[in-house]
Amino acid sequence: MVRLDGPNGPDDEPPAWGTADLLINAVRASAERVLVRTPHSPAVGELGVRWGVQIDVRPLRTDGGGLDDDAVAAYVAKYVTKGASETGAGLDHSLSTFAEIDTAPVHDHVRTLMRTCWRLGGLPEYAPLRLRAWAHTLGYRGHILTKSRVYSTTYAVLRAERADHMGHGDLPDAVTERHWRYVGSGHTPGAALIAAGIADDLAESRRLGLEAKQEGE
């Protein structure tokens, strides 16, 4: 997401000329022009990385007047998980040898990506990327999303909140029990009383049924 603030930061209104159409044109122009070249490698040469031809830039609305932020979040989440499911996200443990890739329980496409990471990781020019150490995750060791510290929260804060929610935080009057023992199973006192009444009713019903059968004979 791209936004334009005023001269004093997020709490300041943007200038009058900073319209949504202007930002849309700026994003399109930047996507068409930006080009990043990788360092030259004797093995693969120099590669150019740039945006593709599929660019969809639209303004977000919070007042219901158009595409809202919730719809965009759902759209992004859908394709993020779709991409992860297609690759299988690799393995949950690192690889020690190249031969382990052949027996990894993954699809052939993922196996090919792992082999590529392993081979590129053996080149001295790519050593800083530690591709072999991360071949099990297809060379990727980051997070799928990036966030602004100004407009969002941090993962450290989210982890602290999660720990507090799970009961690992410092809560007043909280008692932590680390040792558990089996006490027993069965009805609560109220449920036991009800169960006993039902059992008595069934026994009485069977007794009356037996008496009626004997009298009939």
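This one's a predicted model, so the numbers in the text were calculated from it and none came from an experiment. One-based numbering along the sequence shown.
- Between Met114 and Leu95, the shortest heavy-atom distance links the atoms SD-CD1, 4.3 Å.
- Hydrophobic cluster membership differs between Leu131 and Leu138, with clusters built from Ile, Leu, Val, Met, Phe, Trp and Tyr side chains linked at under 4.5 angstrom.
- His93 contributes atom NE2, which lies 11.5 Å from atom OG1 of Thr137 (distance to the nearest 0.5 angstrom).
- Partners of Asp11 according to the salt bridge (charged side-chain N to carboxylate O under 4.0 Å, His left out) rule, which considers only residues two or more places apart in sequence or in another chain, do not exist here.
- Minimum interatomic distance between Ile101 and Trp118 (heavy atoms only, all atoms of both residues): CD1-CB, 4.2 Å.
- The hydrophobic cluster analysis finds Leu35 isolated: no Ile, Leu, Val, Met, Phe, Trp or Tyr side chain comes under 4.5 Å of it, directly or through other members.
- Gly18 and Leu4 make their closest contact through CA-CD2, 3.5 Å (heavy atoms, listed as atom of the first residue, atom of the second, distance).
- In this structure, the separation between CZ on Arg3 and CG on Leu23 is 11.0 Å, given to the nearest 0.5 Å.
- Within the structure, the salt bridge (Lys or Arg N to Asp or Glu O under 4.0 Å) test picks out the following pairs touching residues 102-111 (sequence neighbours left out): Asp102-Arg115, Asp108-Arg111.
- Shown here for Pro59 and Ile24, the closest heavy-atom pair between the two residues is CD-CD1, 3.7 Å.
- By the neighbour-count criterion of 12 heavy atoms within 6.0 Å, atom CZ of Arg58 is sparsely surrounded, having that number or fewer from other residues, nucleotides or ligands.
- In the hydrophobic clustering of ILVMFWY residues, with side-chain heavy atoms under 4.5 Å counting as a link, Leu129 and Leu123 come out together.
- Pairs passing the side chain to side chain donor-acceptor pair (under 3.5 Å) check and including a residue from residues 124-133, sequence neighbours excluded, read Ser41-Glu125.
- Follow the hydrophobic side-chain contacts under 4.5 Å out from Ile55 and you reach Val2 in the same cluster.
- Sorted by first and then second residue, the salt bridge (Lys or Arg N to Asp or Glu O under 4.0 Å) pairs involving residues 32-46 (not counting sequence neighbours) are Arg37-Glu46.
- Inter-residue side-chain proximity for Leu120 and Val44 is flagged as met; some heavy-atom pair is nearer than 4.5 Å.
- The heavy-atom pair separating Glu100 from Ser96 by the smallest distance is OE2-CB, 3.1 Å.
- Rounding to the nearest 0.5 Å gives a distance of 10.5 Å between CG of Asn25 and OG of Ser30.
- Under the 4.5 Å side-chain heavy-atom criterion for ILVMFWY residues, no single connected hydrophobic cluster contains both Leu91 and Trp134.
- By the 4.5 Å side-chain criterion applied to Ile, Leu, Val, Met, Phe, Trp and Tyr, Ile198 is assigned to a cluster that also includes Ile194, Leu202.
- Atom CG of residue Asp201 and atom CZ of residue Arg206 lie 10.5 Å apart, to the nearest 0.5 angstrom.
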